[in-house]
Every structure is written in structure tokens, then in C-alpha cells.
**Student:** 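Take this structure first; my questions come after.
Counting starts at 1 for both ligands and their atoms, following the listed order. The basis for the numbers below is simple: all heavy atoms, side chains too, and nothing from hydrogens, waters or symmetry mates.
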Amino acid sequence: MSEPLDRSTIWPYDEQGEPREFYYSRYASPTIARAEQALGALEGGEALLFPSGTGATTALVLSLLRPGDTIALAAGAYFGTGVTFQTLAKWGLRYVEFDQTQAPPEGVQLLWLEAPSNPFLTMPNMEAAAAHPAPVVVDSTVATPVYFRPLEHGADYALHSVTKALGGHDDALLGAVVGRDLDDLRAFRTRTGISPAPDPAWLLLRGLHTLELRVRRQTETAATIAERLRAHPSVQTVRYPGIAGLISFDVADGASARRVETSTRLIVNATSLGGVTSVMESRHRWEGDRVPTGLLRLSVGLEDADALWADLAQALDH
Ligand code: PLP
């Protein structure tokens with residue numbers, strides 16, 4: 001059943017002239033509260049929405065840290081997270097990268113992991129992270145709560161780019177933080193105005209109805225595609241952790257990657273991941289030398305597996 005979408009920014013006070021639960025949308029609003037409830041229930045915690053995944057990242061680090069603090073960021077995690085931290089350097093925030101499959105470095109005030117990392121697709125060592133004194137954030141955008149619930153593995157916060165699989169249809173820009181007690185972050189969100197809009201929250205509610213179906217089907221198809229990629233003579237390394245729909249693989253060089261990404265017909269040459277439409281792109285254009293020149297990232301959608309493979313195979317043979 002469809003949920004109501006309330007776009008109002010204001011609601012009337014009660015008969016005594018006192019504010020009710022909802023009175024001004026920067027503080028809270030019904031559609032957003034409903035979507036936060038639904039996501040919180042899936043993750044086993046309390047959820048707060050933000051205008052994008054990046055907005056969620058910014059709000060979380062600014063609310064937790066102070067000038068001079070250092071974040072240990074998983075190497076090979078989403079490129080934009082490092083860009084965000086770099087942008088915050090002039091306010092005294094530092095970050096160092098580390099191998100998230102190993103123990104995190106000492107002397108840092110926040111651990112930032114990714115499950116699995118995008119586009120290298122390693123899983124974090126949660127035991128080592130939980131044993132570290134710093135709070136632990138896991139960006140589990142790629143895994144989704146279908147496969148991984150960070151709070152159950154010792155994380156203090158789960159973070160999502162809802163723009164990806166949770167929304168699932170490439171039509172909503174939204175982010176989320178899930179934790180056990182988000183009162184401070186909620187106050188920070190209200191006071192800094194990093195507040196979400198109701199329409200994307202409504203699209204999240206709709207997307208959650210089919211999340212498990214979509215993600216399981218994407219996983220099944222991705223497993224088939226990864227296996228066929230491994231057997232293809234033009235493909236070198238194939239990275240696929242066995243969960244969700246994201247694969248990365250290497251062809252010989254940048255020119256080959258460009259040829260493959262521009263030769264598909266069904267798979268759209270575009271960025272992002274987790275949607276119903278399969279998309280593929282060379283990541284070197286964005287990430288530079290931190291990724292191989294021939295690295296292609298493929299996000300598998302809901303199309304037929306054989307049709308996707310036929311498209312990919314003809315592009316690889318192009
Ligand atoms: N985290 C991961 C793993 C991502 O892939 C992305 C976006 O690509 C983000 C965070 C940032 O999310 P948004 O684009 O919604 O700001």
C-alpha cells in the first residue's frame with residue numbers, strides 16, 4: 001500500500017497553542033519520520049535522513065569530531081568520501097587511509113569503513129575495528145541491510161547513500177545514518193539545516209518494499225556475470241564479493257576500458273550503482289591513479305542475465 005506524501009513545511013499548533021510532534025519541516029516531518037522508522041527497523045537502530053549520502057557523511061563527521069581529530073578511512077573506499085574529508089581539512093580535520101581488512105591504526109578518533117568498499121570490494125575486518133577505542137562508521141551502501149547490518153557487527157553507525165540500492169530507481173538523492181542514539185546528530189541536523197526533503201523520503205519508502213527482491217535478484221545475476229567475466233580472455237582481475245550487484249573488473253588499459261564502456265547497448269554508460277538499470281563506467285576518469293586505468297565498475301540491474309552477458313560479451317569483443 002502507498003504511504004501518504006506530506007509536502008507541507010508547517011503544521012498547526014494544538015488548541016493550547018503548543019507545537020505538536022510536527023510544526024516546521026526543518027525539525028521533523030511525517031513522511032521523513034515514517035521513512036526513518038522503516039529504515040531503522042531494517043538496520044536494527046534509529047535512522048536519520050540527509051539530503052544525500054555525502055550530506056550524511058558531512059553531518060556525521062562534523063557532529064562527532066573537532067579540529068585536530070583524525071579519521072582512519074578504508075583505502076579503496078568510495079572516492080568521494082576522501083574528497084569530502086579533504087574538503088574539511090581547512091577546518092582542522094585530518095584523515096589517513098588504512099587497509100580495512102587489517103587492524104586500524106592507533107591514535108585516530110574515528111574509523112570509517114565500507115562494506116564492501118567501492119570499487120575494490122573488500123569487506124572490513126569488523127572484529128579488529130570493534131576492538132579499537134574510536135567510534136566505528138560503516139558505509140554499507142553497497143551491501144544494504146539485506147546482506148549486512150553494521151550495528152550487529154560492532155559498528156556505532158551505519159551510513160547509506162540511499163541514492164543507490166535503497167531508493168533503487170535512480171530518481172532520489174538521499175542519505176542516511178543509522179545508530180543507537182542519534183539525539184545529538186538530530187539536533188546538529190536541525191541547527192545546521194542539513195535536512196532532507198519529503199519527496200525522496202517517499203521514494204525511499206516505496207523502494208524499501210522491493211529492496212530484498214531487487215538486491216537478491218541483482219546478486220544472482222551478478223554472480224553469473226562475474227563467473228563469465230572470469231573466463232573471458234580480455235578480462236584480467238574480477239572483483240566480486242558474492243553479495244549485491246556490484247562488480248569491478250580490469251581490461252588491458254584505459255583505451256580498452258573506454259571502448260568497452262561505450263560499446264554496450266543495454267548496459268548504460270553512466271555513474272552510480274544499485275539501481276534497476278545496469279550501468280557501467282571506467283573509474284579512472286574520476287579516481288585517477290588510485291585505480292587501474294583499465295578498471296570498469298559494473299552495477300547489475302534487473303535485466304535478464306543472458307541479455308546482459310550478451311551485451312557485455314559483444315562490448316568486450318568489440
Ligand atoms: N557512499 C558510497 C559507497 C557511494 O557509492 C556514494 C555515491 O556514489 C556515496 C556514499 C555518496 O552518496 P551520494 O551520492 O548520495 O551523496
Side-chain angles (χ1 to χ4, degrees), residues 35 39 43 47-62 71 73-88 95 97 100 110-124 136-148 150 155 157-178 189 194-197 199-201 203-204 207 215 218 222 239 241 243-248 268 270-275 277-287 290-291 295-301:
L39 180 57
E43 282 283 12
L48 282 181
L49 295 179
F50 293 87
S52 65
T54 306
T57 297
T58 301
L60 186 58
V61 298
L62 290 184
I71 304 165
L73 169 64
Y78 169 55
F79 175 63
T81 301
V83 173
T84 302
F85 294 164
Q86 189 64 50
T87 304
L88 297 174
Y95 77 98
E97 292 195 332
Q100 69 167 351
L110 185 66
L111 303 181
W112 198 281
L113 315 177
E114 208 169 272
S117 62
N118 160 22
F120 286 100
L121 298 168
T122 65
M123 284 298 278
V136 179
V137 181
V138 178
D139 179 336
S140 51
T141 295
V142 175
T144 81
V146 173
Y147 288 115
F148 193 67
Y157 304 96
L159 184 130
H160 287 284
S161 169
V162 174
T163 318
K164 309 299 189 310
L166 297 185
H169 297 74
D170 299 312
D171 53 8
L173 186 71
L174 198 66
V177 173
V178 188
R189 180 179 71 171
I194 312 179
S195 302
D199 288 66
L203 289 167
L204 167 60
V215 171
Q218 286 168 341
R239 303 169 199 86
I243 58 166
L246 198 64
I247 301 172
S248 73
V268 180
T271 194
S272 206
L273 57 100
T277 304
S278 295
V279 296
M280 183 169 70
E281 68 167 333
S282 151
R283 286 302 296 173
H284 190 262
R285 86 178 76 215
W286 300 116
E287 304 194 29
R290 87 200 270 272
V291 302
L295 185 147
L296 287 159
R297 190 183 71 185
L298 169 64
S299 172
V300 173

**Student:** Check ligand 1 against T141 and write out every atom of the ligand that is under 4.0 Å from a heavy-atom position of the residue.
**Tutor:** 1 (N), 2 (C), 3 (C)
**Student:** Side chain to side chain contact (heavy atoms under 4.5 Å, CB included) for W112 and T57? Distances and angles first, verdict last.
**Tutor:** CA-CA 10 Å; W112 198 281; T57 297; 3.6 Å; yes
**Student:** Roughly how far apart are N118 CG and S248 OG, rounded to 0.5 Å?
**Tutor:** 8.5 Å
**Student:** Ignoring hydrogens and angles, tell me if any N or O in the side chain of S140 forms a donor-acceptor pair with the backbone of T144 under 3.5 Å.
**Tutor:** no
**Student:** Students should be able to answer this: which protein heavy-atom is nearest to atom 16 (O) of ligand 1, and at what distance?
**Tutor:** T54 OG1, 2.6 Å
**Student:** If the contact criterion is a heavy-atom separation under 4.0 Å, does K164 count as touching ligand 1?
**Tutor:** yes
**Student:** Are D139 and ligand 1 in contact, using a heavy-atom cut-off of under 4.0 Å?
**Tutor:** yes
**Student:** Counting both backbone and side chain atoms, is some N or O of G53 under 3.5 Å from an N or O of ligand 1?
**Tutor:** yes
**Student:** For T81 and ligand 1, does the shortest N/O to N/O distance drop below 3.5 Å?
**Tutor:** no
**Student:** Could you find the nearest protein heavy atom to atom 4 (C) of ligand 1 and give me its residue, atom name and distance?
**Tutor:** Y78 CG, 3.6 Å
**Student:** How far does CZ of F79 sit from OG1 of T84, to the nearest 0.5 angstrom?
**Tutor:** 10.0 Å
**Student:** With heavy atoms of S161 as the reference, note each atom of ligand 1 found under 4.0 Å away.
**Tutor:** 6 (C), 9 (C), 10 (C), 11 (C), 12 (O), 13 (P), 15 (O)
**Student:** Quick one: look up the protein heavy atom nearest atom 15 (O) of ligand 1 and list residue, atom name and how far away it is.
**Tutor:** T163 OG1, 2.7 Å
**Student:** T122 pairs by side-chain hydrogen bond (donor to acceptor under 3.5 Å, both in side chains) with which of E114, R239, Q100?
**Tutor:** Q100
**Student:** Is the closest side-chain heavy-atom distance between T141 and Y78 below 4.5 Å?
**Tutor:** no
**Student:** Quick one: does any side-chain atom of R189 pair with a main-chain N or O of L49 as donor and acceptor, under 3.5 Å?
**Tutor:** yes
**Student:** What part of N118, side chain from CB on, backbone N/CA/C/O, both or neither, has a heavy atom under 4.0 Å from ligand 1?
**Tutor:** side chain
